[in-house]
Novice: 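The structure under discussion is supplied below as structure tokens; questions concerning it will follow.
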Amino acid sequence: QMQLVESGGGSVQAGGSLRLSCAASGYTVSSCYMAWFRQAPGKEREGVAVFARAVSTAYTDSVKGRFTISQDSTKNTLYLQMNDLQPEDTAMYYCAARRGGWMSAVQALSAPTLFDYWGQGTQVTVSS
């Protein structure tokens, strides 16, 4: 089993920054596919960024150049640095993990149903 606990969400104005954290326990983040997904009211869950077993990353087009996914193995924690936030980034952000199997980071980005473990989510609200 794996437990994921997100933190770092909040309310910012457009152009601001936030860093989300996802503290993991049970398995190491470096051995898993780790991802950030988001879901806005009335919309489907969307893959934001993936870190595939500490090897490769993928981002959805709308966040490329603004968001950076990273992890700290010593703290077993996944991060999402979000810069130049825009109102359309407003959503509940979820950390997710998948331990087994193989898929590319790009494939993982579009396959939330393949992730086995989820955090409770942290809200990000960006005002214009």
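Positions are given from 1 along the sequence. Quantities reported herein were computed from a predicted structural model and do not represent experimental measurements.
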Novice: Sequence neighbours left out, what passes ring pair (Phe, Tyr, Trp, His ring centres under 6.0 Å) with Tyr93? Give chain and number order.
Specialist: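 Tyr93: no ring pair (Phe, Tyr, Trp, His ring centres under 6.0 Å) contacts found.
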
Novice: Only counting residues at least two apart or in another chain, list the ones meeting salt bridge (Lys or Arg N to Asp or Glu O under 4.0 Å) with Lys43.
Specialist: none

Novice: Answer yes or no: is there a donor N or O on one side and an acceptor on the other, between the side chain of Thr77 and the main chain of Lys75, under 3.5 Å?
Specialist: yes

Novice: Transitively linked via ILVMFWY side-chain contacts under 4.5 Å: Phe115 with Leu4?
Specialist: no

Novice: Applying a strict under-4.5 Å side-chain criterion to I, L, V, M, F, W and Y, I'd like to know whether Val48 and Val29 cluster together.
Specialist: yes

Novice: Pair Thr68, Met82 - check side-chain contact (heavy atoms from CB on, under 4.5 Å), show working.
Specialist: CA-CA 7 Å; Thr68 303; Met82 305 185 294; over 6 Å; no

Novice: State yes or no: do Val106 and Val50 share one hydrophobic cluster built from I, L, V, M, F, W and Y residues joined by side-chain heavy-atom distances below 4.5 Å, directly or via other members?
Specialist: no

Novice: Do you know the tightest heavy-atom contact between Ala54 and Gln71?
Specialist: CB-NE2, 3.4 Å

Novice: When clusters are formed by joining ILVMFWY residues with side-chain heavy atoms under 4.5 Å apart, either directly or through shared neighbours, do Leu114 and Met2 land in the same one?
Specialist: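 Different hydrophobic clusters.
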
Novice: Donor-acceptor pairs under 3.5 angstrom involving side-chain atoms of residues 13-26: please list them, not counting sequence neighbours.
Specialist:
residue : atom : partner : partner atom : Å
Ser17   : OG   : Asn83   : OD1          : 3.0
Ser25   : OG   : Gln3    : OE1          : 3.2

Novice: State the OG1-CE distance between Thr57 and Met34, to the nearest 0.5 angstrom.
Specialist: 14.5 Å

Novice: Give the minimum heavy-atom separation between Val124 and Gly9, together with the two atoms involved.
Specialist: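 Smallest heavy-atom distance, with atoms named: CG2-CA, 4.2 Å.
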
Novice: Enter the distance from Arg98:CZ to Ser31:OG here, rounded to the nearest 0.5 Å.
Specialist: 12.5 Å

Novice: Sequence neighbours excluded, which residues qualify as salt bridge (Lys or Arg N to Asp or Glu O under 4.0 Å) partners of Glu46?
Specialist: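 Scan of Glu46 (salt bridge (Lys or Arg N to Asp or Glu O under 4.0 Å), adjacent residues dropped) gives Arg38.
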
Novice: If we ignore hydrogens and angles and just use 3.5 Å, is the side chain of Glu6 paired with the main-chain N or O of Gln120 as donor and acceptor?
Specialist: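 Yes; judged by distance alone, with no hydrogens or angles, the pair exists.
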
Novice: Where do Pro112 and Trp118 come nearest, in terms of heavy atoms and distance?
Specialist: O-CZ2, 3.3 Å

Novice: Does the side-chain contact (heavy atoms from CB on, under 4.5 Å) test come out yes or no for Asp84 and Phe67, once each step is laid out?
Specialist: CA-CA 9 Å; Asp84 191 25; Phe67 291 12; over 6 Å; no

Novice: Give me the atom names and distance for the closest heavy-atom approach of Ser127 to Pro87.
Specialist: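 Where Ser127 meets Pro87 most closely, the heavy atoms are C-CG, 4.4 Å.
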
Novice: Is a side-chain N or O of Ser73 found less than 3.5 angstrom from the main chain of Asn76, in a donor-acceptor match?
Specialist: no

Novice: Check whether NZ of the Lys or CZ of the Arg Arg53 lies under 6.0 Å from the centre of the six-membered ring of Trp102 and within 45 degrees of that ring's axis.
Specialist: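 Pair Arg53/Trp102 does not count as cation-pi.
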
Novice: For Arg66, check salt bridge (Lys or Arg N to Asp or Glu O under 4.0 Å) against everything at least two apart and list the hits.
Specialist: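 Arg66 satisfies salt bridge (Lys or Arg N to Asp or Glu O under 4.0 Å) with Asp89 only.
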
Novice: Residues in disulfide bond (SG atoms under 2.5 Å apart) with Cys32, at least two apart?
Specialist: none

Novice: Taking all non-hydrogen atoms of both residues, which atom of Val126 and which atom of Thr90 are closest, and how far apart?
Specialist: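 Here Val126 and Thr90 meet closest at N-OG1, 2.9 Å.
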
Novice: In the structure I gave you, are the side-chain heavy atoms of Tyr94 and Trp36 within less than 4.5 Å of one another anywhere?
Specialist: no

Novice: I'd like to know whether Ile69 forms a side-chain contact (heavy atoms from CB on, under 4.5 Å) with Tyr79, so could you lay out the CA-CA distance, the side-chain angles of the two residues, the decisive distance to 0.1 Å, and finally the verdict.
Specialist: CA-CA 6 Å; Ile69 191 170; Tyr79 300 99; over 6 Å; no

Novice: Step through the shown structure and confirm whether more than 12 heavy atoms of other residues, nucleotides or ligands are within 6.0 Å of CD on Gln1.
Specialist: no

Novice: Can you name the closest pair of heavy atoms from Asp61 and Lys64 and give their distance?
Specialist: OD1-NZ, 3.0 Å

Novice: How long is the straight-line distance from CG of Leu80 back to OG of Ser70, given to the nearest 0.5 Å?
Specialist: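 The CG atom of Leu80 is 8.0 Å from OG of Ser70, to the nearest 0.5 Å.
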
Novice: Between the main-chain N or O of Met103 and the side-chain N or O of Tyr33, is there a donor-acceptor pair closer than 3.5 Å?
Specialist: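 Indeed, once roles are kept as given, a pair shorter than 3.5 Å links the two residues.
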
Novice: Flag this pair as yes if the NZ/CZ of Arg45 is under 6.0 angstrom from the six-membered ring centre of Phe37 and inside a 45 degree cone about the axis; otherwise no.
Specialist: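 Not flagged: Arg45 not positioned over aromatic ring of Phe37.
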
